[in-house]
Amino acid sequence: MSGFEIAGAEPAPGGRFGAGGEFGGQYVAETLMPAIAELEAAWRVARVDPAFLAEYHALLTDYVGRPSRLTLAGRLSAEVGARVYLKREDLNHTGAHKINNCIGQALLARRMGKRRLIAETGAGQHGVATATVAALFGMPCDVYMGAEDVARQALNVFRMRLLGARVIPVESGSRTLKDAMNEAMRDWVTNVGDTFYLIGSVAGPHPYPWMVRELQSVIGREVGPQLEAAEGRGPDALIACVGGGSNAAGLFAPFVADPRVRLFGVEAAGDGVGTGRHAATLSAGRIGVLHGSKSYVLTHERGDEVGQIAEAHSISAGLDYPGVGPEHAAWKADGRVTYVARTDADALAALQRLARAEGILCALETAHAVAALDEVVATVGQGSIVVIGLSGRGDKDMHSVAKALGVAL
Ligand SMILES: *Cc1c(COP(=O)(O)O)cnc(C)c1O
C-alpha cells in the first residue's frame, strides 16, 4: 500500500488552505502549541510509514469491513436519467464513515505513547465511534457532551457507557456542542502528557483538518477503481453532505485535482436558510474562528450577542455544527466545490425516496446529499455518472423521522 499522497495537497505551513492561506491555522492557547506541534510531527512520520499504513488498512479491512461497496442505484438512476452510484459507508462497522478516522487517530495515539483518549460530541455519534476504538485498543476514554445533549441523546450516552467510556456532561454556556468543545480543549491543555484529543471531523487546529481528510480519503480512493470496474471510466459528479465536512472531504479529496469531476457539498438548511434556524455555514455564515481554525461560522446577527457563535439547527444531529472545515472554505472560495443547502423537509422526502426506490434507509445527514441529486443531474447532464456519498445508515434516526412525519412509535 502506498502512502496517502494521492489524497490531495498538503496545506501550506501552519495548516493554511486557500490561495491566500486565508483559512485553517492554529488559533489555540500558547499552552497547547507544543501539543499540536508534537501531533503534527507524529502525523508527518506516520502517514508515510508502511508499518502504520499496514496496521491502519488491516483494521479497515478486518474490523470496519472495507472496502465499502459501490452500489448502482438502478431504480433511482432510471428516475433521474443518470447512472447513480451509492458509496456505502452505511455498511461499515458502527454504521457510518466516522470509524475510518477514529481508527487512524487511535493508532496514532498509541504510537505516540498516549494512554488516554478524549473527545467531544454533540449528538453522540462521534462519541460512540471514539468509545468503540477506545474499547478496541483498551484505552480509557472520556467524552465531553453538553448537558442538554446528554438529556436529548440518551441512547448514544448509553451506548458510550456500555462501550466503557465515561461521558462527562458539560453544564457551562448553552450546555451544547460548543461548550463541550471548550471543555475538551481545557482537558487537553491540562493533560497533554498522556492524553490524545480525537477530533471527529475536518475541523480544529492544524494538523486535524489535514489528518482527518487523509484518513477519510479512503472513501474516495476506493471509488476510482470500483467505478472503473463497473463503468470503465471515472465519475462526472460526486455529492456528499457537509456537517464539519469529513465524509465530503474524504470522498472528494482524490478527485479535487481532476477538473472533469464536478463536486457538490450539501449543507443543512434546517427550517430554511432565511429563517435563521439552519446549519448552512458555508451558504449563510461568515468568516470567523471556531475550535482553533479560521473558516466559516454561524454567528448571531441580531441582539446583544451579535458576532457570537450561534447554535445550528437541523433535523439531522450530525449536521448540527456551527462551523465547517477550513479546506471547504477554500474550496468554496476558489469555486472547486459547489455548495448548496437542503431543508429538513427536503431531507425527509429524500430519505423516503431512497428507501422506496432502493431499499436503503439512510441517515438523515446523508438524506441531504440525496436531496440534491435532481439539481446535480440537471447541472451535469442526463446520462452522467453520479456518485452519492452514503455516509451512514438510518437506524439511529427512526425516532426523529417518525416524529417529523407525525407517527407515534
Ligand atoms: C457525523 C455524520 C455526518 C457529518 O459529519 P461530516 O464530518 O460532515 O462528515 C454525516 N453523516 C453521518 C451519517 C454522520 O454520522
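Note that the structure is a prediction, hence the values are computed from the model and not measured. The figures that follow rest on heavy atoms only: side chains count, while hydrogens, waters and symmetry mates do not. Read the numbers this way: they start at 1 and go in the same order the structure lists the ligands and their atoms.
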What residues, two or more places apart in sequence or in another chain, satisfy side-chain contact (heavy atoms from CB on, under 4.5 Å) together with Glu358?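 So Glu358 forms a side-chain contact (heavy atoms from CB on, under 4.5 Å) with Ala73, Arg75, Leu76, Leu354, Ile360.
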At a heavy-atom distance under 4.0 Å, which protein residues reach ligand 1? Sort them by chain and number, would you?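 Those residues closer than 4.0 Å to ligand 1 by some heavy atom are His97, Lys98, Gln125, Ser201, Cys241, Val242, Gly243, Gly244, Gly245, Ser246, Asn247, Gly318, Leu319, Ala363, Glu365, Ser391, Gly392.
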Please name all residues satisfying salt bridge (charged side-chain N to carboxylate O under 4.0 Å, His left out) with Arg16, sequence neighbours left out, ordered by chain then number.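 Once residues adjacent in sequence are excluded, Arg16 has no partner under the salt bridge (charged side-chain N to carboxylate O under 4.0 Å, His left out) criterion.
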Listed partners of Glu228 passing salt bridge (charged side-chain N to carboxylate O under 4.0 Å, His left out), at least two apart: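 Partners of Glu228 under the salt bridge (charged side-chain N to carboxylate O under 4.0 Å, His left out) test: none.
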Glu89 with Arg66: basic N within carboxylate O range, under 4.0 Å: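 Salt bridge present between Glu89 and Arg66.
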Arg336 bridged to Glu327 by N-O distance under 4.0 Å: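 Between Glu327 and Arg336 there is no salt bridge, as every charged N stays at least 4.0 Å from the carboxylate O atoms.
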Is a donor on one side and an acceptor on the other found under 3.5 Å between the side chain of Asn191 and the backbone of Asp187?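 At least one qualifying donor-acceptor pair exists.
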